[in-house]
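Structure record follows, encoded as structure tokens.
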Amino acid sequence: MRRLRAAVLVLPLVLPLVLAGCVQGSGFDPEAPESSAAEQETGAAPQPSSWIYQLSGYEDDSLDALVAAPHEAAVIDLARDGGEDYFSADEIAALKDSGKTVYAYFTMGSIETYRPEHPAVAETDMVLNQWGDWPDEYFVKYWDQRWWDLVMRPRLDQAAAAGFDGVYLDVPNAYEEIDLALVPGETRESLAQKMVDLVIAAADHAGDDLRILVQNSPELREFPGYIDAIDGIGIEELFFLNEDEPCAEDWCAENLDDTRAIRDAGKTILAVDYASEPEHVAEACERYAAEGFAGAVAGVDLDAVYAPCP
């Protein structure tokens, strides 16, 4: 599994839309009008019947296997090696020509040490605590103007230039995981608001060029402007944890309720569970169909093409 949803949920409070360290002229302006997906020409993506989620292990470093796969949507990394080897416009065009809506994966609340932006980010004071079982990943001050200038805006621009239909933004749950001792004066609620502000800024910058999907943290829907800023969400582990363990925690039910609300708002839902037992795969697929979600049951490493739900 690429991400684990934090078990501690916060009920967001409505706070002023304020981001620390913003400067004029950068494109990251929390005072700018919110971008409504419903008002964009592209609109919300129609709900696909299936989707494929592959972040590594591309056969022969190409997308040919994904082109041949029958899924209607695909989430792939912005770069084939997770670094500077970005997928080209021709490669993304071929994947789109196979009938798929294609999203570029990258994180917005953390930095991995193998990403090309890491050296520049590491020279600043934006790097915070390391993320548990992910030794190469650190949370960051994602509300800092330098994060927007060094990472978020260039990645959005790269995705648009390569012809992706949208972006698939991971680690919104950084607001729950950052060590508060490293950010004096911040609270979980203020960090959640700043994450919402970043999503709104990404949507505003993307305009009609990119759809915005955010992975996990569906509770952020409670914040003003968030639902209008997104075209949908990706959601992990609604029914099975890593891996084949039924999701029976209270937060599983809470995530499902929030995901249903986002679905009812007309947004795309890409759900993924990590399971391999045939009965678990079948159960997850049946539940996706009952909920009206686009569902996928994948291996935890997200490094191979898997069969879609029937």
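Basis for what follows: all heavy atoms, side chains included, without hydrogens, waters or symmetry-related copies.
- Applying the side-chain hydrogen bond (donor to acceptor under 3.5 Å, both in side chains) test to pairs two or more places apart or on separate chains, those with a residue in residues 75-85 are D77-R115, R80-D85, R80-E91.
- Under the salt bridge (charged side-chain N to carboxylate O under 4.0 Å, His left out) criterion, E249 pairs with no residue at all, not counting sequence neighbours.
- The shortest distance between side-chain heavy atoms of D197 and F223 does not fall below 4.5 Å.
- Judged as a disulfide (SG to SG under 2.5 Å), the pairs with a partner in residues 170-264 (not counting sequence neighbours) are, in order, C247-C252.
- Within a 6.0 Å sphere centred on CD of E277, heavy atoms belonging to other residues, nucleotides or ligands number more than 12.
- Ionic pairing of D257 and R221 is not present here: no N-O contact between side-chain nitrogen and carboxylate oxygen is shorter than 4.0 angstrom.
- Taking CD of E59 as the reference point, atom CG of D303 lies at 12.0 Å (rounded to 0.5 Å).
- Using a 4.5 Å heavy-atom cutoff, the side chains of R155 and E117 are in contact.
- Applying the ring-ring contact (aromatic ring centres under 6.0 Å, His included) rule to F164 yields no partners; only residues at least two apart in sequence or on another chain are considered.
- A donor-acceptor contact closer than 3.5 angstrom links the side chains of D157 and H205.
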Start with the C-alpha gap between Y168 and Q215, add the side-chain angles, then the distance that decides, and say whether side-chain hydrogen bond (donor to acceptor under 3.5 Å, both in side chains) holds. CA-CA 7 Å; Y168 188 91; Q215 177 164 280; 2.5 Å; yes
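- Under the 3.5 Å distance criterion, with hydrogens and angles disregarded, a donor-acceptor pair is assigned to the side chains of E236 and Y274.
- Taking 4.0 Å as the cut-off between side-chain N and carboxylate O, R260 and E291 count as a salt-bridged pair.
- The side chain to side chain donor-acceptor pair (under 3.5 Å) check on K141 picks up nothing, with sequence neighbours excluded.
- Interatomic distance, R287 CZ to F240 CZ, rounded to the nearest 0.5 Å: 7.5 Å.
- Considering only heavy atoms from C-beta on, L95 comes within 4.5 Å of I76 through its side chain.
- Distance alone, capped at 3.5 Å, is enough to place a donor-acceptor pair between the D144 side chain and the R146 backbone.
- For T101 and E72, the side-chain atoms include no donor-acceptor pair closer than 3.5 Å.
- Of the charged side-chain nitrogens involved, at least one lies within less than 4.0 Å of a carboxylate oxygen, so that D165 and K96 count as a salt-bridged pair.
- Evaluated for a side chain to side chain contact (heavy atoms under 4.5 Å, CB included) with R211, the options T268, D231, I230 yield exactly one hit, D231.
- At least one side-chain heavy atom of Y138 sits under 4.5 Å from a side-chain heavy atom of T113.
- Looking at heavy atoms from C-beta onward, P70 lies in side-chain contact with P308 at the 4.5 angstrom threshold.
- In this structure, a donor-acceptor pair under 3.5 Å is present between the side chains of D170 and Y105.
- A search for side chain to side chain donor-acceptor pair (under 3.5 Å) contacts involving E283 returns nothing, not counting sequence neighbours.
- Counting only N and O atoms by type, the side chains of S276 and D244 include a donor and acceptor under 3.5 Å apart.
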